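Read through the structure below, which is laid out as structure tokens, and then see the notes.
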Amino acid sequence: MLTFIVVLGICAGAAVAIVAALSEHKKSGAGDIELIGLTAVVETKLDPEGTVLVRGELWRASSNDGSVID
């Protein structure tokens, strides 16, 4: 039983560490984002939403008129 509790504690600690590491890579929603006018490369089809690559960063995007962009 004690072994199970120790393993569970280690797993919980690892999960917290992973979430903390991933949260550092989130894009901030505050301030001006200067993406207007930049060229983006579609990574996953916009139907109407998908992902695009801009200046080496992956962003969620959608087509303005709801059309599909391959």
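Note that this is a predicted model, so its numbers are computed, not measured. Here, residue 1 is the first one in the sequence, and each next residue gets the next number.
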Do L38 and I69 belong together in a cluster built from hydrophobic side chains that touch within less than 4.5 Å?
-> yes

Under the 3.5 angstrom rule, does the side chain of D47 hit a backbone N or O of E49 as a donor-acceptor pair?
-> no

Side-chain touch E43/V52, heavy atoms, less than 4.5 angstrom | no

Over all heavy atoms of both residues, which pair between L46 and A61 is shortest? Give the atoms and the distance, please.
-> CD2-O, 3.7 Å

dist T51:OG1 -> L58:CG (nearest 0.5 Å) comes out at 4.5 Å

